[in-house]
Q: 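Sharing a structure below in C-alpha cells format, with a few things to ask.
Each chain gets a letter, A, B and so on, in the order the sequences are listed, and its residues count up from 1. No experiment lies behind these values; they were computed from the predicted model shown.
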There are 2 protein chains.
Amino acid sequence: MADTYDPSAFPPFAVTADLVILTVQPPTVRALLVRRASGPFAGSWALPGGFVGPDQSLADAAHETLARKTGVSVDATHLEQLASFGRPDRDPRMRIVSVAWLALLAEPAEPVAGDDTDEAQWVDVAALDGDLAFDHAEILATGIERARNRIEYTTLATRFCGDEFTMAELRAVYETLWSTELDPANFHRKVLAIDGFVEPTGENTSGGRGRPARLYRRGDAVDLDPPVRR
Amino acid sequence: MADTYDPSAFPPFAVTADLVILTVQPPTVRALLVRRASGPFAGSWALPGGFVGPDQSLADAAHETLARKTGVSVDATHLEQLASFGRPDRDPRMRIVSVAWLALLAEPAEPVAGDDTDEAQWVDVAALDGDLAFDHAEILATGIERARNRIEYTTLATRFCGDEFTMAELRAVYETLWSTELDPANFHRKVLAIDGFVEPTGENTSGGRGRPARLYRRGDAVDLDPPVRR
DNA sequence: GCAATAACTAGTCATAAAGACAATAAAGCA
DNA sequence: TGCTTTATTGTCTTTATGACTAGTTATTGC
C-alpha cells in the first residue's frame with residue numbers, strides 16, 4: 001500500500017455486503033432475493049445486502065444481513081466470502097464496492113421483509129433471465145458456480161440438507177446443482193467410503209413410499225478425499 | 001442493498017488493491033514485497049499495492065500495481081482476485097478495505113522500486129515469520145494457500161514456468177509448493193495423459209548433466225481433468 | 001391379508017487410474 | 001570405454017470407478 005495518503009484526497013467509496021443466499025429444493029436451486037421498492041432498478045430483484053458500518057468488519061456486515069433477512073442461526077448456515085465487485089459505474093448514485101458473500105442454507109426459512117420494506121422471496125434461479133438490479137446477475141452467477149464447485153471437494157453439500165437426511169436427499173443436492181443424474185448405488189458406496197462425510201444416526205425414515213432409508217448427519221470432515229467427481 | 005442512502009452519512013472508506021505476487025524458484029516460493037519507508041510499520045515488509053482510483057475498476061487497479069512493480073507484460077502473468085480484507089482496525093490511519101489479488105509469475109523480473117521509494121524485493125516466504133505490515137501476513141498466507149490449491153485443479157502451475165519448460169521443472173513447481181516429492185515417472189505419465197495441459201515443442205534441452213529433457217509449452221486447457229492429486 | 005410397487009442397500013464384474021518400482025535411453029565425464 | 005546422471009518407458013499391483021444385478025423392507029391398492 002502506498003505510504004502517501006490523505007483521506008480527503010480520495011473520493012468517498014461506500015462498501016456494501018451483498019449476499020448470495022442459496023438453498024436447494026430439488027429440482028430447483030433457489031436464491032433469496034429482495035424486490036427493490038424504490039431507487040434505481042425499482043421493481044427489480046436484487047441481492048439482499050447492506051452497507052458496512054464504520055466500525056464493522058466485513059464478515060459482521062454479512063452476518064447481520066443474513067440474520068436480518070433469514071432469522072436463521074449462524075450455526076445452521078455456511079457463510080463464506082465470494083468476491084468483490086467494484087466497477088465504477090455499477091451503481092448510478094455513487095461509487096460502491098460490493099463485497100459479496102455466499103450463504104448455504106438447508107431449509108428456506110421464511111424470508112423477512114427488510115426495514116426498507118422490500119419484499120423478500122425465494123426465487124428459482126433457473127426462472128431468472130439475468131434481469132437483476134445492478135451487477136447482481138453476475139454476482140449471483142458467481143455464487144452458484146462457487147457452490148457447484150465447492151460440493152465437489154468439500155462436505156458443503158450437507159449444508160443444503162437438514163440436521164438429519166437420507167442418502168437420496170444428499171444425492172438430490174448434487175443432482176440438482178449439477179443437473180446430472182448419479183447412480184444411487186454407486187453414490188451410496190462412495191459417500192460412505194469417505195471418512196467423516198456423513199455419520200449414521202441409527203434412525204430410519206418412515207411414512208414414505210418404498211423401503212425406509214437410513215438417516216445420516218454431517219460428519220466432522222470439511223474436505224472430501226477423494227472428491228465427488230461430477 | 002439498502003435503498004436509503006446518503007453519501008455523507010457514511011464514513012470515508014478507502015479501497016486499495018494489494019497484491020500477492022508469487023514465483024517459484026525451487027526449492028523456494030518467493031513473494032514480491034516492499035519494505036515500508038515511512039508511516040505505520042515503517043521498516044516492515046508489506047505487499048505492494050495502491051489505492052483504487054475514483055474511476056478505476058478493481059481489476060485495473062491491480063493491473064496497474066502489478067505493472068508498476070514488475071514491469072512484466074500482462075500476458076505472461078496470471079492475475080486473479082483473492083479476497084477482501086476489511087477489519088476496522090487493520091490500518092491505524094483510516095478505514096481501508098483491501099481487495100487482494102494473486103499474481104503468478106514465471107521469472108522473477110527485476111522488481112522496480114516504487115515512486116514512494118520503497119525498496120522492492122523477492123523474498124522467500126519460508127523465511128518470513130509472519131512479521132508483515134498490517135494484516136498482510138494473513139493475506140499472503142491466503143494467497144499461498146490459493147496457489148497450492150489452484151495447481152491441483154487447473155493448469156496454473158505452468159504459469160510458474162517459462163515459455164518452454166521440462167517435465168522436471170513443472171514437477172519441481174508442484175514439489176516446491178506442496179512440500180512433497182512426486183515420482184518422476186508417474187508424474188510424467190499423468191501430465192501427458194491430461195489433454196491440453198502441455199504440448200511438446202520438439203526441442204530438447206542440452207548442456208545439462210544426464211539425458212536431455214524434452215521441452216514443453218503450455219497447452220490450451222485451463223482446468224485439469226483429472227486433477228493432479230497431492 | 002397379499003401381491004404389486006417403490007425405494008434403499010449390497011454385491012459383482014469389467015475397466016480405468018494410481019502407486020511402486022524396474023528397465024532402458026541419452027547425454028557428459030573420467 | 002565404462003561410469004554417472006537424468007529422462008523416459010514399461011510392468012505389475014492395488015485401488016477406484018461405472019454399469020449392472022440382486023436382495024431387502026417398507027407402503028399401497030386390491
Side-chain angles (χ1 to χ4, degrees), chain A residues 26-27 151-153 157-158 161-162 164-176 178 180-217 221 223-230, chain B residues 26-27 151-153 157-158 161-162 164-176 178 180-217 221 223-230:
Chain A
I151 62 173
E152 193 164 350
Y153 307 114
T158 60
C161 302
E164 302 194 339
F165 50 88
T166 67
M167 206 51 89
E169 287 169 357
L170 182 60
R171 179 164 45 85
V173 169
Y174 280 93
E175 291 180 329
T176 302
W178 288 349
T180 53
E181 291 199 357
L182 300 172
D183 182 272
N186 291 338
F187 181 83
H188 188 269
R189 177 183 43 166
K190 168 132 202 175
V191 168
L192 291 184
I194 300 174
D195 205 49
F197 192 2
V198 299
E199 289 174 2
T201 65
E203 302 287 310
N204 285 351
T205 54
S206 66
R209 286 191 299 275
R211 174 177 172 179
R214 291 189 195 153
L215 285 169
Y216 298 90
R217 66 170 66 91
D223 294 312
L224 292 184
D225 188 36
V228 177
R229 302 304 310 283
R230 219 171 290 203
Chain B
I151 61 173
E152 195 164 349
Y153 308 113
T158 60
C161 300
E164 301 195 338
F165 51 89
T166 67
M167 206 49 93
E169 286 169 358
L170 182 60
R171 179 164 46 86
V173 168
Y174 280 93
E175 291 180 329
T176 302
W178 287 350
T180 54
E181 290 199 359
L182 300 173
D183 181 89
N186 292 338
F187 181 83
H188 187 269
R189 173 177 44 141
K190 168 133 203 175
V191 168
L192 290 184
I194 300 174
D195 206 49
F197 193 1
V198 300
E199 289 174 1
T201 65
E203 302 288 308
N204 285 350
T205 54
S206 66
R209 279 197 299 272
R211 175 177 171 177
R214 292 191 193 149
L215 285 169
Y216 298 89
R217 65 170 67 90
D223 294 312
L224 292 183
D225 188 35
V228 177
R229 303 301 311 281
R230 221 172 290 201

Q: Pick the closest DNA chain C nucleotide for B/Asn204 and for B/Pro227 by heavy atoms, then say which residue is nearer the 5' end.
A: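 The residue mapped nearer the 5' terminus is B/Pro227.
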Q: Rounded to the Å, how far apart are B/Leu224 CG and C/dA18 C1'?
A: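 Nearest whole value for this atom pair: 16 Å.
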Q: Closer to the 5' end of DNA chain D via nearest nucleotide, is it A/Ser206 or A/Arg230?
A: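 It is A/Arg230 whose nearest nucleotide is closer to the 5' end.
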Q: B/Glu181 CD to C/dA20 P: how many Å, rounded?
A: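 These atoms are roughly 12 Å apart.
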Q: Rounded to whole Å, please give me the gap between CG in B/Leu192 and P in D/dG10.
A: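 Answer to the nearest Å: 12 Å.
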Q: Would you call the rings of B/His188 and B/Tyr216 parallel, tilted or perpendicular, where under 30° means parallel and over 60° means perpendicular?
A: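 If you compare the ring of B/His188 with that of B/Tyr216, the planes turn out perpendicular.
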Q: Going by heavy atoms in the side chains, are B/Pro26 and B/Arg171 under 4.5 Å from each other?
A: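 Not touching, per the 4.5 Å side-chain cut-off.
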Q: Would you state whether a donor and an acceptor, one from the side chain of A/Asn186 and one from the base of D/dA19, lie under 3.5 Å apart?
A: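 Side chain to base: pair found, below 3.5 Å.
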Q: Using OP1 and OP2 only, check whether a side-chain N or O of B/His188 sits under 4.0 Å from D/dA7.
A: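 It does not, given that no N or O in the side chain of B/His188 lies less than 4.0 Å from OP1 or OP2 of D/dA7.
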Q: Select from A/Asp183 and A/Gly210 the residue whose nearest nucleotide in DNA chain D is closer to the 5' end of that strand.
A: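 Result of the comparison: A/Asp183.
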Q: If I take atom CG in residue B/Asp225 and atom C1' in nucleotide D/dT17, what distance separates them, rounded to the nearest angstrom?
A: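 That distance rounds to 14 Å.
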Q: In whole angstrom, give the distance that lies between atom CG of A/Leu170 and atom C1' of C/dC8.
A: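 Spelled out: CG on A/Leu170 to C1' on C/dC8 is 14 Å.
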Q: Please tell me if B/Arg209 has a side-chain N or O lying less than 4.0 Å from either OP1 or OP2 of D/dT6.
A: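 Checking D/dT6 against B/Arg209, a side-chain N or O does come within under 4.0 Å of OP1 or OP2.
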Q: On a heavy-atom basis, which atom in B/Phe197 and which in B/Val191 lie closest, and how many Å separate them?
A: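 Scanning both residues, the minimum pair turns out to be CD2-CG1, 3.7 Å.
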Q: In whole Å, I'd like the distance from the CD1 atom of B/Ile194 to the C1' atom of C/dA18.
A: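 Nearest whole value for this atom pair: 12 Å.
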Q: Side-chain N or O of B/Arg214 less than 4.0 angstrom from OP1 or OP2 on D/dT6?
A: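 Indeed not, no polar side-chain atom of B/Arg214 lies that close.
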Q: What's B/Ala193 touching, base or sugar-phosphate or nothing? Going by heavy atoms closer than 4.0 Å.
A: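 Answer is nothing: B/Ala193 stays at 4.0 Å or more from every strand.
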Q: Base, sugar-phosphate, or nothing for B/Arg229, non-hydrogen atoms under 4.0 angstrom?
A: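 The answer is nothing, as B/Arg229 stays clear of every strand by at least 4.0 Å.
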Q: Distance check, rounded to the nearest 0.5 Å: B/Glu175 atom CD versus B/Leu170 atom CG?
A: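 Going from CD on B/Glu175 over to CG on B/Leu170, the span is 10.0 Å.
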Q: side-chain contact (heavy atoms from CB on, under 4.5 Å) with A/Ile194: which of A/Asp225, A/Asp223, A/Leu224?
A: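 It is A/Leu224, the one option of A/Asp225, A/Asp223, A/Leu224 that forms the side-chain contact (heavy atoms from CB on, under 4.5 Å) with A/Ile194.
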Q: Between C/dA26, D/dT17, D/dT25, which nucleotide gets closest to the side-chain atoms of A/Pro212?
A: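 Of the options given, the side chain of A/Pro212 lies nearest D/dT25.
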Q: For A/Arg189 and C/dA10, what is the distance between atoms CZ and C1' respectively, to the nearest whole Å?
A: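 Value for this atom pair: 10 Å.
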Q: With a 4.5 Å limit on heavy-atom distance, are the side chains of A/Val228 and A/Ile151 in contact?
A: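 With C-beta onward as the side chain, the pair stays apart.
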Q: Does any N or O donor sit under 3.5 Å from an N or O acceptor when you compare the side chain of A/Arg211 with the base of D/dT24?
A: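 Yes, the side chain and the base share a sub-3.5 Å donor-acceptor pair.
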Q: Return no unless some side-chain N or O of A/Lys190 is found under 4.0 Å from OP1 or OP2 of D/dT17.
A: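 Answer is yes, contact under 4.0 Å.
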Q: Can you tell me the distance, in whole Å, between the CG atom of A/Leu182 and the P atom of D/dA19?
A: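 It is 11 Å, rounded to the nearest whole Å.
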Q: What's A/Ala185 touching, base or sugar-phosphate or nothing? Going by heavy atoms closer than 4.0 Å.
A: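 Counting heavy atoms under 4.0 Å across all strands, the contact made by A/Ala185 includes a base.
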